[in-house]
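Every chain is numbered from 1, with letters handed out A, B, ... down the list of sequences. What you are looking at is a predicted structure, and each value in this text was computed from that prediction instead of being measured.
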There are 4 protein chains.
Amino acid sequence: MSFDRDHVLRTTADLLSRKATATTEEVARAAGMSRATLNRHFPGRDALVRALEDFGITECEAALETARLEEGPVEEAVRRLIRAIEPHASLLTFLYSENQLFEGDEQNAGWSRIDERLTSLFRRGQEDGAFRIDLSAAWLTEALYGLLAAGTWAVTEGRVARNDITHMIVELLLGGAMRKDAS
Amino acid sequence: MSFDRDHVLRTTADLLSRKATATTEEVARAAGMSRATLNRHFPGRDALVRALEDFGITECEAALETARLEEGPVEEAVRRLIRAIEPHASLLTFLYSENQLFEGDEQNAGWSRIDERLTSLFRRGQEDGAFRIDLSAAWLTEALYGLLAAGTWAVTEGRVARNDITHMIVELLLGGAMRKDAS
Amino acid sequence: MSFDRDHVLRTTADLLSRKATATTEEVARAAGMSRATLNRHFPGRDALVRALEDFGITECEAALETARLEEGPVEEAVRRLIRAIEPHASLLTFLYSENQLFEGDEQNAGWSRIDERLTSLFRRGQEDGAFRIDLSAAWLTEALYGLLAAGTWAVTEGRVARNDITHMIVELLLGGAMRKDAS
Amino acid sequence: MSFDRDHVLRTTADLLSRKATATTEEVARAAGMSRATLNRHFPGRDALVRALEDFGITECEAALETARLEEGPVEEAVRRLIRAIEPHASLLTFLYSENQLFEGDEQNAGWSRIDERLTSLFRRGQEDGAFRIDLSAAWLTEALYGLLAAGTWAVTEGRVARNDITHMIVELLLGGAMRKDAS
DNA sequence: TATGAATGAGTCTTCATTCAT
DNA sequence: AATGAATGAAGACTCATTCAT
């Protein structure tokens, strides 16, 4: 069977987002191969993490494209966003929890670009009068990350059904973000 | 000066919630002592993590007492809760991200008790008609953890002012949780 | 070349019988490998000592079989015994000096069995009228251990030629154990 | 209570002759004091070992004086020797097992002097025609050390009564050493 | 003087990586 | 190309020693 790079990266993100201290052995076993083989494809742990970052950024940017954040009402854009990005939540969670480690890196540029697009979306919501202005766009962005992570864990622990989690996140975030008197 | 156990535990929680892979050396230095001394008081890294769990459970339970969750309108109880628990957020964040470890332990009993009290609070909100019923109490509990973690990181990264974070969390969570047509 | 477990154990016994405080590094180097590799095969110093005990028991039991202790005159059986067991003397010496450790363990059962067989041999000598009865069988057994250890050290320090040591031990032990008036 | 140097040294010799890897903590507790206090009197582990060596040499030399090795028949001299030196056997055992560690040291001079006197005694026995010449004087000396150590252990483990051990050692050694046809 | 507490030094163990098959 | 085995490097732990009381 040929080497399935995507599968390895997703499995690794799942594992590392739950257990940041997982050893290379655990990562390799979770991906169904030996340490040595994992090392052949990703020479060094750092290389694996970089690959994860690249992969995560690529996937998230694709999701952002799919969601067409700039189009239509903000509320609908947020719904599309969460629906598109939720499948990659564990990858995003991993990037989120690791992003203080590679500060100043070129990877950070990709990450910042994503972060900026999300923040812009929420800022647009505020400018449109749809979103409250006392909850800053930066906070809404950060809260989205937190809720995606919480959603992943809630599903993993069986507290929320996989099919419900997108709705749960969307409604909580929009409910909190939107003005109550919006007509 | 005598050994300040609380100080050590708080410092350690701060560090580990930001960098789960921190070495014993880093932990000890952050607490202002040598590795050997840290080891004298907490024999082994596991012992330190266990102590953090005990400490976190104790602190959170004290915060829950302070918040008097069963009293008055749910909305106010949630506000009191977040205000009381936010100072311990980094501890909670660490425990939250680590809570897959030591499963089945007696520590878990303490943690489950806290979790149950929070879930009860949200369930009461739903029974009172104040909270939406399509967002389950279990999810609101999990979301609270996620927002506390996001808040901690947002403050650490300078995206949100420390003085604002309680408001940000409260408003987002309550805004999302409460029924829109509540009179 | 494949890993030679016997070689490692023999080398280790040689070293530890001379210097009980030898570090893992010294043990590994004496066996011609790195600490890490030694640890791969014997995870932890205790595991190595346990393996030495198992190995020693096995080797000694084999030597006891070879010596056919129950056959022929006791004097000849003792000669065969010492001849058979002397090559393993450093292993035995190490175990002898360490045998207060791991008391009550299953290892001790194996050791006790050997001890019992030796004691039985000397008891037979007394019952046959060949050995003095004022020197107890238990003491003769213990003395045998002491003389084997002394022999190992005497050879190591160059006080006695390797080829002579069996004779030295045999003659001293038998000379002391046998009745003077034996016809 | 005043500090009892002799008691500490004897206790330490007892412990170290049985367990060469005993920690300073164990040594101090066996002597009935804290690590720190032991260190006050013997600054550093080496200092303690040196003191033990000095003490052991002094005690052994005193025992040798008492035994008047040069006087009378060799057989009687050996009996007096073992009777005099047996109470210090654990000290001697410790020195014996440690003596490869401080090679070339000045301490070694004292030890060698003792060793030489013992060897001379056995050589005299051979020259007198009382002892066999196929068992070298060096070996008999070494065997004496081994039997003293074995005797100490045999008593500790309850295999031989304390009151019998001198007889056991004497008879075994003399029986082995003496010519059978000695009239 | 005696001791609990603190720590530098050194040992033990594990991990990420490389190598031989 | 894939893997079990070997190992340097790094982390965790323990000990002997020192210090403040």
Side-chain angles (χ1 to χ4, degrees), chain A residues 1-5 8 21-29 31-49, chain B residues 1-5 8 19-29 31-49, chain C residues 1-5 8 19-29 31-49, chain D residues 1-5 8 21-29 31-49:
Chain A
M1 193 185 78
S2 75
F3 173 74
D4 184 345
R5 185 182 168 92
V8 172
T21 58
T23 67
T24 300
E25 168 78 29
E26 290 171 304
V27 171
R29 285 301 161 210
M33 61 185 60
S34 76
R35 257 178 308 198
T37 303
L38 183 65
N39 252 308
R40 166 168 298 279
H41 294 284
F42 304 97
R45 191 189 178 100
D46 277 6
L48 178 58
V49 171
Chain B
M1 196 185 76
S2 75
F3 173 76
D4 186 344
R5 187 184 167 93
V8 173
K19 185 165 184 242
T21 58
T23 67
T24 301
E25 168 77 30
E26 290 171 306
V27 171
R29 286 302 160 208
M33 62 185 59
S34 76
R35 248 180 310 199
T37 302
L38 184 65
N39 235 289
R40 242 180 77 68
H41 294 285
F42 305 98
R45 192 188 180 102
D46 278 7
L48 180 57
V49 172
Chain C
M1 195 185 79
S2 77
F3 173 74
D4 185 345
R5 186 183 167 93
V8 173
K19 186 166 183 243
T21 58
T23 67
T24 300
E25 168 77 29
E26 291 172 305
V27 172
R29 285 303 161 208
M33 62 185 59
S34 75
R35 251 181 308 198
T37 302
L38 184 65
N39 233 284
R40 242 179 78 69
H41 294 285
F42 304 97
R45 194 188 178 101
D46 277 8
L48 180 58
V49 173
Chain D
M1 195 185 78
S2 75
F3 174 74
D4 185 345
R5 186 183 168 92
V8 172
T21 58
T23 68
T24 300
E25 168 78 29
E26 289 172 304
V27 171
R29 285 300 160 213
M33 60 186 60
S34 76
R35 257 178 308 196
T37 304
L38 184 66
N39 252 308
R40 167 167 297 279
H41 294 285
F42 303 97
R45 190 188 178 103
D46 278 7
L48 178 59
V49 171

| query | Could you give the CZ-to-C1' distance, from Phe42(B) to dA5(E), as a whole number of Å? | reply | 15 Å
| task | Work out which heavy atom in Ala22(B) is nearest to a heavy atom in Val27(B); give both atom names and the distance. | result | CB-CG2, 4.5 Å
| said: If you assign each of Arg45(B) and Met33(C) to its closest nucleotide in DNA chain F, which residue comes earlier from the 5' end? | reply: Met33(C)
| query | Between atom CZ in Phe3(B) and atom P in dA6(E), what is the gap in whole Å? | reply | 8 Å
| query | To the nearest angstrom, how far is Asp46(B) atom CG from dA12(F) atom P? | reply | 11 Å
| said: I need the single residue from Leu38(C), Asn39(C), Thr37(C) that forms a side chain to side chain contact (heavy atoms under 4.5 Å, CB included) with His41(C). Which is it? | reply: Thr37(C)
| query | For the side chain of Arg40(A), counting heavy atoms from C-beta on, which of dA1(F), dG4(E), dT14(F) is nearest? | reply | dA1(F)
| note | Result for 5'-nearest mapping on DNA chain E, choosing between Ala36(C) and Thr37(B), is Thr37(B)
| said: Give me the atom names and distance for the closest heavy-atom approach of Val8(B) to Met33(B). | reply: CG2-CE, 3.6 Å
| field | Between C1' of dT11(E) and NZ of Lys19(C), the distance in whole Å | value | 12 Å
| Dot-bracket line, read 5' to 3' along DNA chain E, where crossing pairs take [ ] and | marks a partner on another strand, Watson-Crick or G-U under 3.5 Å | .||||||||||||||||||||
| said: Please list, in numerical order, the residues of residues 22-29 of chain C that have a heavy atom closer than 4.0 Å to any atom of DNA chain E. | reply: Thr23(C), Thr24(C)
| message | Once you measure the plane-to-plane angle for Phe42(B) and Phe3(B), does it fall in the parallel (<30°), tilted (30-60°) or perpendicular (>60°) bin? | response | tilted
| request: Measure the distance from CG on Leu48(A) to C1' on dT17(E) and round it to the nearest whole Å. | output: 14 Å
| message | Measuring to OP1 and OP2 of dA2(F), would you say a side-chain N or O of His41(A) lies under 4.0 angstrom away? | response | yes
| request: Measure from the side chain of Arg35(D), starting at C-beta and using heavy atoms only, and say which of dA16(F), dG4(F), dC15(E) lies closest. | output: dA16(F)
| task | Go through the steps for Ser34(B) and Arg29(B) under the test side chain to side chain contact (heavy atoms under 4.5 Å, CB included), then give the verdict. | result | CA-CA 6 Å; Ser34(B) 76; Arg29(B) 286 302 160 208; 4.1 Å; yes
| query | CG of Asn39(D) versus C1' of dA5(E): gap in Å, rounded? | reply | 14 Å
| request: Taking all heavy atoms of Thr24(C) and all of Arg35(C), pick out the closest pair and write down the distance. | output: CG2-CG, 3.7 Å
